[in-house]
2 protein chains.
Amino acid sequence: MSLATNAADQPTLYKRIRADIEKRILTGEWPPGHRIPFEHELVARYGCSRMTVNKALSELAQADLIERRRRAGSFVRRPQHLSAVLKIADIRAEITALGRGYGYELIGRKLRAATAADRERLGVKKAGKVVAITCRHSADKVPFAVEDRLIDLSSVPDAATADFSREPPGSWLLHHVPWTEAEHTISAIVADDRTAEALDIAVGAPCLVIDRYTWRSARTITAVRLLYPGDSHRLVARFKGG
Amino acid sequence: MSLATNAADQPTLYKRIRADIEKRILTGEWPPGHRIPFEHELVARYGCSRMTVNKALSELAQADLIERRRRAGSFVRRPQHLSAVLKIADIRAEITALGRGYGYELIGRKLRAATAADRERLGVKKAGKVVAITCRHSADKVPFAVEDRLIDLSSVPDAATADFSREPPGSWLLHHVPWTEAEHTISAIVADDRTAEALDIAVGAPCLVIDRYTWRSARTITAVRLLYPGDSHRLVARFKGG
DNA sequence: TTGACTTATATGTCTAGACATATAATCGTG
DNA sequence: CACGATTATATGTCTAGACATATAAGTCAA
């Protein structure tokens with residue numbers, strides 16, 4: 001005989017409040033800069049305690065949809081710089097997710113004392129050992145990307161003995177080393193002889209370049225350059241915002 | 001004579017709890033999958049009420065750093081697909097932020113009934129009017145990007161009368177139309193005659209291409225293609241993750 | 001008009017409870 | 001042993017208060 005305690009409302013109250021406000025913001029009814037009702041007004045409107053509306057508003061603030069100012073109130077934030085969540089998965093996962101057959105080929109692997117160029121690329125000052133890896137990823141036997149990677153062995157000693165002949169270094173690192181920060185730089189180049197051969201495209205064809213640097217608490221882990229055939233591969237970023 | 005009520009701790013308690021846990025996750029001390037202490041344990045450790053630790057844990061969950069499961073506990077999430085926040089600001093803001101002089105030039109503007117190609121590009125089915133705009137952005141008098149844009153007038157009627165000869169359409173839209181969702185596609189091409197001339201680069205030089213589609217609640221607003229000289233311009237994405 | 005001081009107020013944080021609910025673990029039974 | 005019913009438990013939500021604190025707004029004197 002026990003019925004739902006809250007008659008016919010699926011979501012919890014604070015979620016309903018949050019969704020109500022979010023909707024008004026996204027539909028433009030409350031434009032950027034608009035002052036949202038005060039907490040005590042929402043308390044009156046929804047007949048709940050202040051902690052409940054506070055939770056709803058706090059989450060909206062955490063999501064950067066509104067800005068809260070003491071004594072002044074809460075305001076709809078203006079569409080911040082267009083920011084997109086660019087999902088760049090591990091290449092193997094990316095190809096597998098596309099339902100295509102993943103292929104991997106280790107082209108070269110060298111363990112050496114860091115040269116001046118290596119140190120500059122990794123952004124470290126003192127000397128140390130590094131592993132340099134070149135490899136190729138393919139999808140359904142067609143070259144998908146070539147990878148040129150440098151791993152700092154003082155940050156990741158295990159990489160010296162890891163077997164990269166079958167497991168791609170990106171996947172290996174992802175599962176062995178936690179990262180805290182990274183940076184991508186995206187640019188375009190035209191294929192030189194070596195790149196053209198590796199990707200099986202014409203010399204002078206466009207290539208998309210991703211340079212990725214990964215750190216763990218200010219300590220460099222790896223620097224990698226990925227080259228994709230530019231006219232075929234596409235990076236897609238989807239985002240939401242106010 | 002009034003001292004701080006809480007002796008020598010700047011941040012509030014729940015923020016300290018949150019920061020403590022975040023640190024352990026980011027340093028790898030608590031790896032992905034690790035169960036973090038139960039709320040009642042944290043309550044005992046910090047000597048506070050459950051609502052306080054609950055607030056800390058809820059925020060970590062909202063930030064996708066941990067996952068909370070009823071009866072089971074809270075767990076460190078595994079590094080989701082590498083996801084980067086790619087900040088692609090309004091071009092004018094981007095150039096200004098670099099401390100360079102922004103220049104803008106409207107190359108062409110046409111108001112027309114949507115052609116089949118327009119409709120396909122915007123992803124709409126029924127006919128309607130569109131504005132097609134071509135323009136060029138420059139930094140310190142040097143071509144920075146050329147823009148080729150289509151605006152759906154059924155979504156943004158004001159765009160028909162807006163003056164795009166001085167204000168770039170991107171900035172105008174950003175300030176007049178709230179967006180809810182967008183998608184970027186990044187690729188590389190080599191410059192053809194027209195592009196080479198517009199960007200003042202050689203024919204066959206690499207170009208970075210960004211195609212951006214913007215919607216407002218499933219309604220297409222605009223489709224834009226931006227072409228950047230590929231060897232000079234770089235998109236930088238920074239991100240954090242577990 | 002300007003600057004310094006005071007006050008009012010909205011948000012920020014916190015408590016000590018309460019009941020709801022999903023689900024892992026246990027217990028019985030066929 | 002397999003499977004369904006029961007129980008224990010950690011999180012989820014909520015309340016009715018409390019005091020802290022930043023700051024917009026008002027007050028008043030120079």
Judged by each residue's nearest nucleotide on DNA chain D, which is more toward the 5′ side, A:R70 or A:E59? A:E59
What's the spacing between B:L106 CG and B:S165 OG if we round to 0.5 Å? 6.5 Å
note: B:H40, atom NE2; C:dA18, atom P; distance rounded to Å ~ 18 Å
In whole Å, I'd like the distance from the CZ atom of A:R69 to the C1' atom of D:dT21. 16 Å
If you compare every side-chain N and O of A:T12 against the phosphate oxygens of D:dT13 (OP1, OP2), does one of them come in below 4.0 Å? yes
Residues from residues 45-58 of chain B lying under 4.0 Å of DNA chain D - heavy atoms: B:R50, B:M51, B:N54
So, using ring-ring contact (aromatic ring centres under 6.0 Å, His included) as the criterion, who are the partners of A:Y104 when residues are at least two apart? A:H137
Of B:R71 and B:P37, whose closest DNA chain D nucleotide lies nearer the 5' terminus? B:R71
Nearest 0.5 Å, what's the NZ-OG1 distance between A:K15 and A:T12? 5.0 Å
Hey, which of A:V130, A:V131, A:D158 is the one that makes side chain to side chain contact (heavy atoms under 4.5 Å, CB included) with A:L153? A:V131
Does either side chain, that of B:Y14 or that of B:N54, offer a donor lying less than 3.5 Å from an acceptor on the other one? no
Give a yes/no on whether any side-chain N or O of A:R68 is located under 4.0 angstrom from OP1 or OP2 of C:dG12. yes
Distance col, row A:Y228:OH vs A:E147:CD, nearest 0.5 angstrom, shows 8.5 Å
